[in-house]
Undergrad: 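Before I ask anything, let me first share the structure, which is written out below as structure tokens.
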Number of protein chains: 2
Amino acid sequence: MTTAAPAGSRALPHPARTEIRLESVLHALSDPVRLRVVRELAADGGELPCSHFDLPVTKSTTTHHFRVLRESGVVRQVYRGTAKMNGLRRDDLDALFPGLLDSVLAAARRQADAG
Amino acid sequence: MTTAAPAGSRALPHPARTEIRLESVLHALSDPVRLRVVRELAADGGELPCSHFDLPVTKSTTTHHFRVLRESGVVRQVYRGTAKMNGLRRDDLDALFPGLLDSVLAAARRQADAG
DNA sequence: GCCGTTGTTTGACAGTCGACGTACTACGGT
DNA sequence: ACCGTAGTACGTCGACTGTCAAACAACGGC
């Protein structure tokens, strides 16, 4: 009754680089909570656990948002002990859509500053 | 009986430049039909009537999509006789979010070519 | 072995979205 | 005055979204 994934390294499905769709990425980034997560990940540059983010939503909603980000190809998630680490898929996104992520991040920063 | 707008020039509400929200723009661009419209508008550079677009949806759905694009600040719409002309708000978008529109368009082109 | 921390799952719920058809309005020509 | 073309408004429908609470699972340490 292992669910299909071997215990000890719960598997997380990610789209391959070629499967990443622009529409899905834009949709993932169009939510304020998710955009904020992406900004923090970009600012950090490395990997951050879900628990690092102090989001104005419950745990289950947080799980949901991270799943949308992962399934759209925006973040990569891996388990490290009990924590789930999140990293931006900068390499893949920059290869597929050069400049897109940077201009979205710049736009978000600008809008936040003007706020 | 006039609905509030003087006859002869039906008014269409547009967000002012400062009211345009990044999240709304990304959401507007995350739909395949709308992204396609935006690409055609960008390729043309000028104004095109709704009837120019041969979209795989009905007229009423087309109206809906153009409204989303207008209300998010992506396109500007004006009536010209019985036609409703649509133009990209390049000036406003470029001023608010430099490079964003271009990288989205480049990404869309790239994805379409690879498709 | 037990507990706390971390995250998942499930089910519910209200709201939005994209799509449709039908009925309607607005304008330009004939 | 009439018709045709262009687009709108309204109501509906099913699917998806964002949110929550409550119960559960996995791992690390004590």
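Sequence lines set the chain letters: A, B, ... in the order given, protein chains first and strands last, and positions in each chain run from 1. All values below come from the heavy atoms of this structure, side chains included, with hydrogens, waters and symmetry mates left out. Since this is a predicted model, take the numbers as computed values, not measurements.
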Undergrad: Show your working on salt bridge (charged side-chain N to carboxylate O under 4.0 Å, His left out) between B:Arg109 and B:Asp102 and close with a plain yes or no.
TA: CA-CA 10 Å; B:Arg109 198 173 320 120; B:Asp102 284 327; over 6 Å; no
Undergrad: Rounded to whole angstroms, how far apart are OH on B:Tyr79 and C1' on C:dA26?
TA: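 Rounded to whole Å, this separation is 9 Å.
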Undergrad: Output the single nucleotide from D:dT19, D:dA26, C:dA19 whose closest atom is nearest the side chain of A:Thr82.
TA: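 Out of D:dT19, D:dA26, C:dA19, the nucleotide with an atom closest to A:Thr82's side chain is D:dA26.
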Undergrad: Below 3.5 Å, does any donor atom in the side chain of A:Ser60 face an acceptor in the base of D:dA21, or the other way round?
TA: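 When only heavy-atom distances are counted, A:Ser60 does reach the base of D:dA21 through a donor-acceptor pair under 3.5 Å.
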Undergrad: In whole Å, I'd like the distance from the CD atom of B:Glu71 to the C1' atom of C:dG18.
TA: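 From B:Glu71 CD to C:dG18 C1': 15 Å.
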Undergrad: Name the one of A:Val25, A:Val104, A:Leu26 that satisfies side-chain contact (heavy atoms from CB on, under 4.5 Å) with B:Val104?
TA: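 Single pass found, and it is A:Leu26.
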Undergrad: Whole-Å distance between D:dG18 C1' and A:Lys59 NZ?
TA: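 Value for this atom pair: 18 Å.
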Undergrad: Round to the nearest Å and state the distance from A:Gln77 atom CD to C:dT6 atom C1'.
TA: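 Spelled out: CD on A:Gln77 to C1' on C:dT6 is 13 Å.
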Undergrad: Can you measure A:Leu69 atom CG to D:dT17 atom P for me and round it to whole angstrom units?
TA: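 In whole Å, D:dT17 P and A:Leu69 CG are 13 Å from each other.
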Undergrad: Taking the side chain of B:Thr63 as its heavy atoms from C-beta onward, which of C:dT9, D:dG7, D:dC27 lies nearest to it?
TA: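 From the listed options, D:dG7 comes nearest.
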Undergrad: Which is it for B:Arg36 and B:Asp54 under the salt bridge (charged side-chain N to carboxylate O under 4.0 Å, His left out) test, yes or no, and what are the steps along the way?
TA: CA-CA 10 Å; B:Arg36 170 168 157 183; B:Asp54 187 27; 5.5 Å; no
Undergrad: NA contact type, A:His64, heavy-atom cut-off 4.0 Å: base, sugar-phosphate, or nothing?
TA: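 The residue A:His64 makes base contact.
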Undergrad: Expected output is a numbered-order residue list: members of residues 27-55 of chain A with a heavy atom under 4.0 Å from any atom of DNA chain C. What is it?
TA: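 Hits under 4.0 Å, by residue number: A:Pro49, A:Cys50, A:Ser51.
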Undergrad: Taking 4.0 Å as the cut-off, does a side-chain nitrogen or oxygen of B:Thr61 come that near to OP1 or OP2 on C:dC20?
TA: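 Affirmative; the distance criterion is met.
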Undergrad: Which of these, A:Val37, A:Leu41, A:Asp44, sits in a side-chain contact (heavy atoms from CB on, under 4.5 Å) with A:Leu88?
TA: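 When side-chain contact (heavy atoms from CB on, under 4.5 Å) is applied between A:Leu88 and each of A:Val37, A:Leu41, A:Asp44, only A:Leu41 qualifies.
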Undergrad: Is the side chain of B:Gln77 donor-acceptor paired with the backbone N or O of B:Leu12 at a distance under 3.5 Å, no angle test?
TA: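 Absent.
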Undergrad: Residues in side-chain contact (heavy atoms from CB on, under 4.5 Å) with B:Pro15, at least two apart?
TA: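 Counting only residues at least two positions away or on another chain, B:Pro15 forms a side-chain contact (heavy atoms from CB on, under 4.5 Å) with B:Glu19, B:Ile20, B:Arg89.
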Undergrad: Could you state the atom-to-atom distance from CD of B:Glu23 to C1' of D:dG18 in whole Å?
TA: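 One finds 15 Å between C1' of D:dG18 and CD of B:Glu23, rounded.
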Undergrad: Specify the residue among A:Gly81 and A:Val57 whose closest nucleotide of DNA chain D lies further upstream toward the 5′ end.
TA: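 Comparing both residues, the 5'-ward one is A:Val57.
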Undergrad: Can you tell me the distance, in whole Å, between the CZ atom of B:Phe66 and the P atom of C:dG18?
TA: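 It works out to 14 Å between those atoms.
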Undergrad: Which residues satisfy the side-chain hydrogen bond (donor to acceptor under 3.5 Å, both in side chains) test with B:Arg34, sequence neighbours excluded?
TA: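 B:Arg34: side-chain hydrogen bond (donor to acceptor under 3.5 Å, both in side chains) contacts with B:His65.
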Undergrad: Tell me the interatomic distance from B:Arg67, atom CZ, to D:dG7, atom P, rounded to whole angstroms.
TA: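 After rounding, the gap between these two atoms is 15 Å.
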Undergrad: Would you mind telling me which residue lines up with the more 5' stretch of DNA chain D, A:Val68 or A:Arg80, judged by nearest nucleotide?
TA: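 The answer here is A:Val68.
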